[in-house]
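Please read the structure below before turning to the comments.
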Amino acid sequence: MSALQPVRGTHDLLPEDMRRFRQVADTARRAALCFGYHEVATPIFEFTEVFKRTLGDTSDVVTKEMYTFTDKGGETLTLRPEGTAGVARALISGGLTQHLPLKYFYVGPMFRYERPQKGRMRQFHQTGVELLGVKEPAGDVEVIAIGVEFLRRIGAWDRCELELNTLGDAASRQAYRQVLVQYLDGFRDRLSKESLERLEKNPLRVLDSKDEGDQKIVAEAPVYTDYLTPEAKAFFAEVKAGLDTLGIAYRVNPRLVRGLDYYCHTCFEITCADLGAQKTVLAGGRYDGLVGIMGGPETAGVGWASGVERCSMLLKETPPALRPIAIVPLGEAAERKAAQLAGELRAKDFMVDLGYSGNMGKRMKRANKIEAVVALILGDDELAKGEVSLKLLDSGEQMNVRFDDLEAALAAYR
């Protein structure tokens, strides 16, 4: 019988992986909190319609990548492939539109059936922010600034590039759509089957095609920004001015688009060449039409999402493991006192390892194996004096400390 393995496209997060994961997730959380964003959590599975309506019937996620199943009640459910749709659904179902503007942060597992490769798994984790109810360009600037601050805090921003574009307003989109369809019509005999279908239903999605032949055609397509209304140009100018004020460098990429109709104005990606072909570490944009499409009132929205595992690969080093305090009791009376002492220290947020059994030598061997920073040696002599022998395992230095003074003596090892 072969050894059991995790499902293809998933992986175990063992202690070292978890330290990198937690460093990224906690850093994103702290960055969002600094901007006044509150953490939320949405269900890991939703009614399939939540994602079909928001991601579009022609998207790769809906047509190829969603994990969809029918439950025992006959309902069609989908493991969430991304976070924004669930947040928008929660806004509507929770009756929260009367409390706008709202600032949300999330982190959690997502699922997509796609070819596993470096930085891309079938079960992965995303962190993201959503700003709801702010229609002004300042909202776009703030959301981008949170992403930059997050990447700065994990030590990756200096290796990243912010790519920026605008999708304009509805009038801009309609004007560009007409020009794009006219251009692509001339290449019907060369477009992939998938792009031909998109040309009929959602032509802007042709610009996202991964087919090499399509990409060559798209490279010469008209540029979106040439068809912006004056109002859309002014909006984009304010976004760029806001980023300039904050000293956030960017590059305008006129080929950067979002295919669905509810996207508008700013779209952006932050990339890092260190990751190779899958170089996007954070992406987002403005989606003023999303909540309306889902059945709620027209509500402005802008946000981003970032892959936790992918960002973990950008950490320059693995955060060190917390080192415990080992208690080494010698004798029955010391065992009882050690259990009491361990409980008191744990209540003060100290990481304590009490061990299980063995003589002095075995217990000290365990203390070294778990890389304890301190050993608290407790025997009959120490009990009689109301103290413990504190040994620093790195230096070998040893001292006696009274029980009443122990918390202060261990303060540096919390």
Side-chain angles (χ1 to χ4, degrees), residues 4-13 21 25 29 37-100 102-116 120-130 132-133 194 197-198 200-202 205 258-263 284 287-299 301 303-309:
L4 295 177
Q5 298 291 328
V7 174
R8 184 170 183 265
T10 67
H11 64 290
D12 302 305
L13 292 176
F21 177 95
R29 181 180 290 106
Y37 285 65
H38 301 279
E39 188 165 5
V40 296
T42 59
I44 287 179
F45 57 87
E46 298 262 12
F47 288 117
T48 299
E49 186 63 21
V50 169
F51 302 113
K52 277 194 171 183
R53 190 181 298 185
T54 57
L55 296 173
D57 289 336
T58 61
S59 71
D60 284 346
V61 176
V62 170
T63 60
K64 302 176 183 178
E65 299 171 5
M66 290 203 317
Y67 280 99
T68 298
F69 60 95
T70 303
D71 70 5
K72 293 181 179 180
E75 301 283 5
T76 302
L77 307 177
T78 294
L79 296 177
R80 63 185 182 196
E82 56 89 40
T84 303
V87 171
R89 193 268 312 141
L91 177 79
I92 299 168
S93 62
L96 301 174
T97 53
Q98 60 185 319
H99 301 297
L100 297 173
L102 293 169
K103 298 180 172 186
Y104 290 145
F105 161 84
Y106 65 84
V107 61
M110 310 292 168
F111 306 83
R112 295 187 187 182
Y113 187 88
E114 54 186 350
R115 183 170 63 86
R120 176 175 289 181
M121 303 296 288
R122 289 176 177 176
Q123 177 180 324
F124 58 101
H125 296 77
Q126 278 188 346
T127 180
V129 299
E130 312 292 350
L132 299 158
E194 191 174 62
E197 293 174 357
R198 289 176 171 178
E200 300 300 326
K201 297 179 180 180
N202 195 338
R205 281 209 169 271
R258 299 286 185 268
L260 294 170
D261 288 341
Y262 58 76
Y263 285 109
Y287 50 85
D288 288 355
L290 174 60
V291 176
I293 284 177
M294 296 183 72
E298 293 299 324
T299 305
W304 56 255
S306 180
V308 177
E309 286 86 355

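Source: prediction; values computed, not measured.
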(message) Strictly distance-based, threshold 3.5 Å: is any side-chain N or O of Arg198 a donor or acceptor partner for the main-chain N or O of Arg205?
(response) yes
(request) Might you confirm whether atom NE2 of His99 has over 12 heavy atoms from other residues, nucleotides or ligands at distances under 6.0 Å? (result) yes
(message) Check this for me: Phe45, atom CZ, are more than 12 non-hydrogen atoms of other residues, nucleotides or ligands nearer than 6.0 Å?
(response) no
(request) Return the set of residues passing side chain to side chain contact (heavy atoms under 4.5 Å, CB included) with Ala305 (not counting sequence neighbours), or none when no residue passes. (result) Tyr106, Gln126
(request) Measure the shortest side-chain to side-chain distance between Leu132 and Val87 over non-hydrogen atoms and say whether it is less than 4.5 angstrom. (result) yes
(request) Would you name the heavy atoms of Tyr37 and Glu130 that are closest together and state the gap between them? (result) CE2-O, 3.8 Å
(request) List the atom of Val7, the atom of Thr10, and the distance in Å for their closest heavy-atom pair. (result) O-OG1, 2.6 Å
(request) First locate atom OG1 of Thr54, then atom CD1 of Ile293, and finally report the distance between them rounded to the nearest 0.5 Å. (result) 8.5 Å
(request) Hey, could you give me the OG1/CZ distance between Thr84 and Phe51, rounded to the nearest 0.5 Å? (result) 10.0 Å
(request) Can you sort out the partners of Tyr262 under side chain to side chain donor-acceptor pair (under 3.5 Å), two or more places apart, ordered by chain and number? (result) none
(request) Please tell me if the side chains of Glu298 and Asp288 come closer than 4.5 Å, counting only heavy atoms from C-beta onward. (result) no
(message) Measuring only between side-chain heavy atoms, which start at C-beta, is Val50 closer than 4.5 Å to Met294?
(response) yes
(request) Could you pull out all residues at least two apart from Pro109 that satisfy side chain to side chain contact (heavy atoms under 4.5 Å, CB included)? (result) Ile44, Arg80, Phe111, Gln123, His125
(request) Quick one: closest heavy-atom pair of Val291 and Ala88, and the distance? (result) CG2-CB, 4.3 Å
(message) I need the Thr127 OG1 to Met110 CE distance, nearest 0.5 Å.
(response) 9.0 Å
(message) Can you tell me how far apart CZ (Arg112) and CE (Met66) are? Round to the nearest 0.5 Å.
(response) 10.5 Å
Tabulate below the donor-acceptor pairs under 3.5 Å that side-chain atoms of residues 69-77 make, not counting sequence neighbours, or state none.
{"from": "Asp71", "atom 1": "OD1", "to": "Gly73", "atom 2": "N", "distance (Å)": "2.9"}
{"from": "Asp71", "atom 1": "OD1", "to": "Gly74", "atom 2": "N", "distance (Å)": "3.0"}
{"from": "Asp71", "atom 1": "OD1", "to": "Glu75", "atom 2": "N", "distance (Å)": "2.8"}

(message) For a quick test of reading the model, state the closest non-hydrogen atom pair linking Ala90 to Leu96 and the distance between them.
(response) O-CD1, 4.0 Å
(request) With sequence neighbours excluded, give me every salt bridge (charged side-chain N to carboxylate O under 4.0 Å, His left out) pair touching residues 87-98. (result) Glu46-Arg89
(request) Measure from the side-chain N and O atoms of Arg258 to the backbone N and O of Gly284, and report whether any donor-acceptor pair falls under 3.5 Å. (result) yes
(message) Is the shortest side-chain heavy-atom distance between Ile92 and Thr299 below 4.5 Å?
(response) no
(request) Tell me, please, which residues at least two apart from Glu39 pass side chain to side chain contact (heavy atoms under 4.5 Å, CB included). (result) Arg29, Phe105, Val107
